[in-house]
Q: 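After the structure tokens below, expect a handful of questions from me.
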Amino acid sequence: MEFIKLNKAYAEHVALIELNRPKELNALNLQLMGELRDALQELDKTDEVRVIIVTGNERAFAAGADIKQMADNNAIDMLMIDQFSTWDQIRKTKKPVIAAVSGFALGGGCELAMTCDMIIASETAKFGQPEIKIGVTPGAGGTQRLTKAIGKARAMEMVLTGKFISAEEALSFGLINKVVPVEMYLQEALKLALEIASMSPVAVQLAKESVNRSFETHLDEGLHFERKNFYLTFASEDQTEGMNAFVEKRKANYKGK
Ligand code: CAA
């Protein structure tokens, strides 16, 4: 791994992935995205890991897809390179992924944060889809996820002007979960990760799948999907443990079975 750092045992049941191209503000070149995909797939298969944090550094989460790598491509090059198939695989990560964002989260960087399940940001974070300024449009979900998260009017303004929004604005628009001082954003992401890691991994995985389904389907089908996953949790030992622990007024000890 050249462009990411992977710590499988960052904390109990929590893994950390750091994007690591600091000089290029973590611009997302093809190799970095491939490494990220491989790491997430590996963590999905690692029983010990229940929650994954993806972060950058204080200056940049990621300043977008690597413009220098794409600049000379034509449409057919882009079609054949098919960079977004890697993003599709990342989107299929089964375990919860928390983005811990400081500094720039722009273009593909904003899209990557939105591909994660939750976003914890530092006060210095800046979110934006500035592709319009370089003569292109967002390509990794920016027009879709941003619009669903913050509504048409705000998304349209961001996408058509390329202007950045602050972490506070992102919070008030419903794009992110929490804003904290810069020295605490990773700590805060870990706190959230540990809370989720204390739940039944079976139920967490099914719940994530059900929430995501709401983006991809109409209400009737989504409710049907949710109901089946709810019933499926009753096939797990964790369901028995969780409900018994409630009845017996003790803390549940989940095994992921
Ligand atoms: N691709 C490639 N290199 C990038 C980059 C990117 N997206 N963003 C920054 N860099 C590089 C810069 O070229 C520079 O490299 P050199 O030192 O070799 O010149 C280095 O990172 C530091 O950047 P700056 O000197 O520009 O730093 P700054 O503080 O003055 O500005 C910034 C920071 C506002 C983020 C500015 O770098 C910028 O506007 N970056 C581009 C943002 C952008 O347009 N992102 C969208 C990309 S397209 C996309 O993402 C498509 C998609 O949907 C997938």
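One-based numbering, in listed order, for ligands and for the atoms of each. We use all heavy atoms of the structure for the numbers below, so side chains are in, but hydrogens, waters and symmetry mates are not. Quantities reported herein were computed from a predicted structural model and do not represent experimental measurements.
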Q: Take atom 17 (O) of ligand 1 and look for protein heavy atoms under 4.0 Å from it; say yes if you find one, no if not.
A: no
Q: Taking the hydrophobic residues Ile, Leu, Val, Met, Phe, Trp and Tyr, and joining any pair whose side-chain heavy atoms are under 4.5 Å apart, which ones share a cluster with Leu25?
A: Phe104, Leu106, Phe164
Q: Could you identify the single nearest non-hydrogen protein atom to atom 14 (C) of ligand 1 and state the distance to 0.1 Å?
A: Lys68 NZ, 4.2 Å
Q: Show which atoms of ligand 1 fall inside a sub-4.0 Å distance from at least one heavy-atom site of Gly107.
A: 46 (C), 50 (O)
Q: How far is atom 36 (C) of ligand 1 from its nearest protein heavy atom, and which residue and atom is that?
A: Leu25 CD1, 4.7 Å
Q: Taking distance alone, with N or O pairs closer than 3.5 Å, would you say Ile67 contacts ligand 1?
A: yes
Q: Can you tell me the protein heavy atom closest to atom 53 (O) of ligand 1 and the distance?
A: Glu111 OE1, 2.8 Å
Q: Go through it in stages, so that I can follow the logic: the residues are Glu241 and Arg250, the test is salt bridge (Lys or Arg N to Asp or Glu O under 4.0 Å), and I'd like the CA-CA distance, side-chain angles, deciding distance and then a yes or no.
A: CA-CA 10 Å; Glu241 168 64 9; Arg250 61 175 175 81; 2.8 Å; yes
Q: If you have a sec, work out which protein heavy atom is nearest atom 4 (C) of ligand 1 and how many Å separate them, to one decimal?
A: Glu24 O, 4.0 Å
Q: I want to know if ligand 1 touches Thr137 in the polar sense, i.e. an N/O pair below 3.5 angstrom.
A: no
Q: Please check if the side chain of Gln129 supplies one atom and the backbone of Cys110 the other of a donor-acceptor pair under 3.5 Å.
A: no
Q: One residue to check: Arg59. Relative to ligand 1, which of side chain, backbone, both or neither has a non-hydrogen atom less than 4.0 Å away?
A: side chain
Q: Hey, does Gly139 come in under 3.5 Å of ligand 1, counting only N/O atoms on both sides?
A: yes
Q: Just which atoms of ligand 1 are under 4.0 Å from any heavy atom in Pro138?
A: 53 (O)
Q: Check if Gly142 has a non-hydrogen atom at a distance under 4.0 Å from any atom of ligand 1.
A: no
Q: Has Lys23 got any heavy atom lying under 4.0 angstrom from an atom of ligand 1?
A: yes
Q: Polar contacts were defined as any N/O atom of the residue lying under 3.5 Å from an N/O atom of the ligand; does this apply to Ala63 and ligand 1?
A: yes
Q: What protein heavy atom sits nearest atom 38 (C) of ligand 1, and how far off is it?
A: Leu106 CD1, 4.9 Å
Q: Any nitrogen or oxygen of Ala27, side chain or backbone, less than 3.5 Å from one on ligand 1?
A: no
Q: If the threshold is 4.0 Å, N to carboxylate O, is there a salt bridge linking Glu48 and Lys8?
A: no
Q: Start with the C-alpha distance between Arg227 and Glu221, add both sets of side-chain angles, then the distance that settles salt bridge (Lys or Arg N to Asp or Glu O under 4.0 Å), and finish with yes or no.
A: CA-CA 10 Å; Arg227 202 162 302 165; Glu221 197 188 319; over 6 Å; no
Q: Answer yes or no: is there an ion pair linking Asp66 with Arg21, defined by an N-O contact shorter than 4.0 Å?
A: yes
Q: Let me see the working for Glu226 and Arg213 under salt bridge (Lys or Arg N to Asp or Glu O under 4.0 Å), right down to the final yes or no.
A: CA-CA 8 Å; Glu226 177 191 74; Arg213 186 52 74 104; over 6 Å; no
